[in-house]
There are 2 protein chains.
Amino acid sequence: MSYSIGEAAKMVGLTAHTLRFYDKEGLLPFVKKTSSGLRAFSESDIEWLKIIECLKGTGLPLKQIKQYIDWCMEGDATIPQRLNMFIEQKKRVEEQKAKWEKHLEKINFKIKYYEDAAQYGDLNVFERNPKLLEEKKRLFKD
Amino acid sequence: MSYSIGEAAKMVGLTAHTLRFYDKEGLLPFVKKTSSGLRAFSESDIEWLKIIECLKGTGLPLKQIKQYIDWCMEGDATIPQRLNMFIEQKKRVEEQKAKWEKHLEKINFKIKYYEDAAQYGDLNVFERNPKLLEEKKRLFKD
DNA sequence: TTAATCTTTAGAGTTAACTCTAAGTCAAGC
DNA sequence: GCTTGACTTAGAGTTAACTCTAAAGATTAA
C-alpha cells in the first residue's frame, strides 16, 4: 500500500506544496514514483517524514536535515556521523529547554504583575507589592 | 547614565543593526535621542529589550511584540490585553515544551539505535535488540 | 586638531522556508 | 467517454527577520 502526496501531506500535517519543495531540496530521495510519474509514499517514507518533522521541529535547518538524509543514503560508513548528529541535536534541545525555562519565569512574573495591575486598574504594582519588585530585579539582573 | 546603541546591543546579545531594525519596525518607541541625534538607551530601555528578547525567544513574531509595546504606550486601559497576551504566550510555551518532549523521545531512540549500529558497524539493530523495534513502533505510531 | 571609531539615515540585499501559478497529465466516479 | 479533482513541473512570488552599504555627522583619545 502507498499514499499519494496529498495523503502523505495530511498524515504528517504538511501541505503537498511543502512536500514537493522538500523533494526539490533533496530531502526525499527515498520517495519512488509510479510508472506515470506520481509520487508514491510508502509506510517507511511516512516515518522518514516524521523524523524530518522531529528535526525541523527542534530547530534543525533543512540543509542539515538534508545532510543527515544524504548520510543515510550513503550507507553504513556514515553511522558515526549520524549518531553524532543526534547527540548534538539532543544537546541543542536541552539547551533550548533551559532558555525557555528562563523565559517562562519572566512571563510568569509579567502575569503576576498584570494580574495585580488589572485588579486595581493601574500600574502602581510595586507600591502595593514590594516583593514583586525584588523578583523583577532578580529576573532582569543579568 | 545611558548607553549607546552599540553598548546596548552588546548587553542583550544583538547587533546595532538589529536594534536599528527593531526601532524602524516600531518596537523601540521608548528610546530617546540626544540633542545630536544619537540613540541613548536607559536602564529601563535595556529591560524593555530583555522582554522583547524573551517574547522573541519563545517564538512570538515581531509584529505581535510591537502590538504589546503599542499597548504599553497607550496606558492603563490596555492592561487586560497585556495580561491576556502573557497568559496566551505562557500557554504557547507550554504546548511547545510538550512537543519538544515528544521530539526528544524520538531523538533519544535514534541515539540508542545508532549507538548499537556504531558498535556492530551495521544497521541490523532490531535483530539484535527486538525491544528497540517495539519502542520505535510506539514512538512512530501516530 | 586630527585620526579613528562610532553613529546616523535610507534603502538595497540576503536567507530560510515556504507558497503559489500556469499549463499540462492522470485517476476515479458516473 | 467525460468530468472533476488531484497530480506533475518549472519557476515566480512572499514573508520574516535580519544584514549590509554608503555617505555623512558625532565622539573620543592622543
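The structure displayed is predicted, hence computed values, not measured ones. In what follows, chains are A, B, ... by sequence order, proteins preceding strands, each numbered from 1.
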Sequence-distant partners of Lys141(B), salt bridge (charged side-chain N to carboxylate O under 4.0 Å, His left out), two or more places apart: none
Can you tell me the distance, in whole Å, between the CZ atom of Arg39(B) and the P atom of dA26(D)? 15 Å
Quick one: does Asn108(B)'s side chain have a donor or acceptor within less than 3.5 Å of a partner on Glu105(B)'s backbone? no
Apply the test side-chain contact (heavy atoms from CB on, under 4.5 Å) to residues Leu60(A) and Arg92(A): give CA-CA distance (whole Å), side-chain angles for both, the deciding distance (0.1 Å), then the verdict. CA-CA 9 Å; Leu60(A) 201 70; Arg92(A) 276 191 287 268; 3.4 Å; yes
When rounded to whole Å, the CD to C1' distance for the pair Glu7(B) and dA26(D) reads 14 Å
What is the separation between atom CG on Leu19(B) and atom C1' on dT7(C), rounded to the nearest whole Å? 13 Å
For the backbone of Ser4(A) and the side chain of Glu7(A), can you confirm whether one donor and one acceptor N or O come within less than 3.5 Å of each other? yes
Where at least one partner belongs to residues 78-87 of chain B, residue pairs that pass side-chain hydrogen bond (donor to acceptor under 3.5 Å, both in side chains), sequence neighbours excluded: Tyr114(A)-Arg82(B), Thr78(B)-Arg82(B)
Could you run through nucleotides 15-28 of chain C and give me one letter per nucleotide, 5' to 3': B if any protein heavy atom sits under 4.0 Å from the base, S if only the sugar-phosphate is that close, - if neither? -SBBBBB----SS-
Would Phe86(A) and Tyr113(B) count as a close aromatic pair, with their ring centres under 6.0 Å? no
Separation of atom CG in Leu28(A) from atom C1' in dT9(D), rounded to whole Å: 16 Å
